[in-house]
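Note on naming: letters A, B, ... go to the chains in the order of the sequence lines (proteins, then strands), and numbering restarts at 1 for each one.
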Amino acid sequence: MKQKGVSKEVLMRMQALRALIEYHRALYHEKDAPEITDEAYDSLVSELQNLEEMSPSIGEGVSPRDVIGGAPSDAFKKVKHSVRQWSFDNVFDEAELSLWSDRVHKLLAGGGVSKPAPTYVAEHKIDGLKVVVVYEKGVLVRALTRGDGITGEDITHTVRTIKDVPHVLKEQISLIAVGEAWLPHKEFVRINALREKKGEPVFANPRNAAAGSVRQLDPEITRERNIRMFFYDIDFIDVVNTDVLSPDTQEDELALLKKVGCTVNPHFAVCRTLSDVVAYYTKWTPKKDAEQYGMDGVVVKINEISYQRILGYTAKAPRFGIAFKFPAEQATTIVEDIVLQVGRTGVVTPVAHLRPVRIAGSLVSRATLHNEDQIKRLDVRVGDTVIMQKAGDVIPEIVQVVLELRPQKTKPYVFPRKVPECGGDGAIERVVGESAYRCVAKNSDTLHRARLYYFVGKHAFNIDGMGEKIVDALLDAQLINSYADIFTLARGDVLALPHFKDTAADNLLTSIERARTVPLERLLISLSIAHIGNETARLIARHFKSLAAIRTATLDQLEAIHGIGSVVAHSLYVWMRTKDHMEELDRLLAHVTIVNPEEKEEQAFLGQIFVFTGTLATLSRDEASERVRDLGAHVASSVSKKTTYLVAGVEAGSKKELAESLGVQILNEEQFLALLSRATEG
DNA sequence: TCCCCTCGAGTTCA
DNA sequence: CTCGAGGGGA
């Protein structure tokens, strides 16, 4: 352990983290008004925890993470809980879960259980507000918030308005029942819309709205908000003078709660083994957003109450249960560097290099910063701690900088005027009115490489087995320099590359051979002409039908095409009249055969607009697009009122919702294939 | 001139 | 998937 070697920076970081965590903790628990998400908060806490573990001598004393919950506010009467209120420890993956279960088995064996065979109960972990309800001889007498676990606030008057909480139980038992109060997502949206209209501050999330709604002086406000509650635990039970049996298991507790009239979440499962628990977790992970309540994981408890007693509690949490949390969708990390990248069109994109961090199941180490304006807006600096999230499930983005954790002596990021990464003289410029810098270096090697990558890529010549690595190797070995050189590569040239043996070389040469025949639109795309992408190239190819016609087209002729305006027309016109470009094009034409577009007789889908989303099982999205285009349809990238069909594969995202709201017809894969085969037959 | 609709470009990870 | 910007109809 490096007890002594703890640097001053680490100490300062820990201090700053503690102060910040305390600040956010107070906002969350005492004011119901957090400024950052729980996940970002958890991420900060876990960083502090790690630092403290690495330097044990400093972790002592009061760290905010030792405090359970918050101190009760003065607005409501403080009441001491008769049973201490705990919260479970968290685990984030199967390995951690299995460690917990191992501990349980060991403790049970050591606790005198000869052959421990615990079963588990898995339940939805609801993201709401924990409420403790006290019944005496079947009558509701008091309801408390969790508070700091020892003392809670009296919220009896508002909890009485929740319809899932019976005022009188169906049996005259005395009971301390614990549940989670939550606000349906629909209600959250409705209430926030209302508040916004009135100019009141909106709630950050449903949980805070629930907390705010329950902590009202006027119970009518609570009633109006339609708060719900699920009961999940019994802290104390007295069944004297009734014929009710005391529960022996967690499963029995849930059954009893339900029997006496308390609402219980129906989606729990009794699991014989830990792999059943994992299966439950896996089953619910993709469905977690489908319910009206927020779910941030699965609570796993040892079913047998006799075992629970043996296991007992640590200083902070019960040992008989664990919260198996869903992967966090937000986390904090540190910006280690800001690096510039140059694309095929010369656009210079700043990318943040990050200390690797797990978000939504994957390890993220880079995130785009888009452009200079975005860096200014966020004021991201090297060394900053930032909150990260995944935009649309895949692409990491920086949400905000945690200013409190900014190291001293940092300076705002200055976008360089010269970019050596560009090659050549590194000159870049920013066109007025545009947000991107473009590399304008003469003879930029980077740009040259980027264009060649694109030329062999999927949308252009699509040369199989020729990726960026191979292009680099060919360039470095000076085997190619321009597009045309690719088609004069000899077998011996390829064999000279590292890692290339007979089969690999033959495969590559076959791919090149196949690429010698190219549809006109693909040739257009491959040339890296600004603004000429997939669709525009197709448009132009369809219209002129030959390269010769395109080369001689006037500005007016170009602009006359529906979908081509002055900017695109100018870009193409100028390109076709640049001497270097013409020479390169002529050299290329000596080696390739262009297939000109022809009129199709079969136009079953003429005038129809298709949009694809999600993954199709039987064919790729590109293949599917090709098929419908062959039948005269147009394939668009986003859904609008004009869309004829949205073809939705597995894991369709936001497009499907949009299509539903616009009333666009949605086809699943089966229906789509049926439509295709009908069209090709007829 | 103001929107709405598209397209192009850039990007991450398993 | 998102953002910025071009194209075109109202």
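- Residues forming a side chain to side chain contact (heavy atoms under 4.5 Å, CB included) with A/S511 (at least two apart in sequence, or on another chain): A/I463, A/D464, A/R514.
- Listed by residue number, A/H531, A/G533 are the residues of residues 523-533 of chain A with a heavy-atom contact under 4.0 Å to DNA chain B.
- In terms of modelled atom types and a separation under 3.5 Å, the side chain of A/H353 and the main chain of A/D337 share no donor-acceptor contact.
- Minimum atom distance to the side chain of A/T349 is reached by B/dG10, of the listed B/dC13, C/dG4, B/dG10.
- Here A/S640 reaches the OP1 or OP2 of B/dT6: one of its side-chain N or O atoms lies under 4.0 Å away.
- Note on A/T536: a side-chain N or O is less than 4.0 Å away from OP1 or OP2 of B/dG8.
- Distances were taken from every side-chain heavy atom of A/L363 (C-beta onward) to each of B/dA14, C/dC3, B/dT12; the shortest belongs to B/dA14.
- Checked against B/dG10, B/dT12, B/dC5, the side chain of A/V347 finds its nearest nucleotide in B/dG10.
- Of the candidates B/dC5, B/dA9, B/dT12, the closest approach to any side-chain atom of A/K642 belongs to B/dC5.
- In this structure, A/L369 atom CG and C/dT2 atom C1' are separated by 14 Å, rounded to whole Å.
- Closest contact between the side chain of A/I609 and the listed nucleotides C/dC3, B/dC13, B/dT6 involves B/dT6.
- Neither side chain, A/E584 nor A/Y483, offers a donor N or O lying under 3.5 Å from an acceptor on the other.
- Backbone-only engagement by A/H634 is indicated by non-hydrogen atom pairs under 4.0 Å involving sugar-phosphate atoms exclusively.
- OP1 or OP2 of B/dA9 sits under 4.0 Å from a side-chain N or O of A/R344.
- Counting only distance, with no hydrogens or angles, the side chain of A/S571 and the backbone of A/V567 share no donor-acceptor pair below 3.5 Å.
- Side-chain atoms of A/S640 come within 3.5 Å of backbone atoms of A/K642 as a donor-acceptor pair (strictly under, hydrogens ignored).
- Judged by distance alone, the side chain of A/D485 and the main-chain N or O of A/S482 form a donor-acceptor pair under 3.5 Å.
- Not a single donor-acceptor pair under 3.5 Å links the side chain of A/R344 to the backbone N or O of A/V342.
- Using a 4.0 Å cut-off on heavy atoms, the residues of residues 555-571 of chain A that approach DNA chain C are A/I561, A/H562, A/G563, A/I564, A/G565, A/S566, A/V567, A/V568, listed by number.
- Without hydrogens or angle criteria, A/S526 side chain to A/F455 main chain gives no donor-acceptor distance under 3.5 Å.
- When rounded to the nearest whole Å, the span between CZ of A/R438 and P of B/dG8 equals 14 Å.
- For A/Q374 and C/dC3, the shortest distance from a side-chain N or O to OP1 or OP2 is not below 4.0 Å.
- The closest donor-acceptor contact from the side chain of A/D384 to the backbone of A/V386 lies at 3.5 Å or more, if one exists at all.
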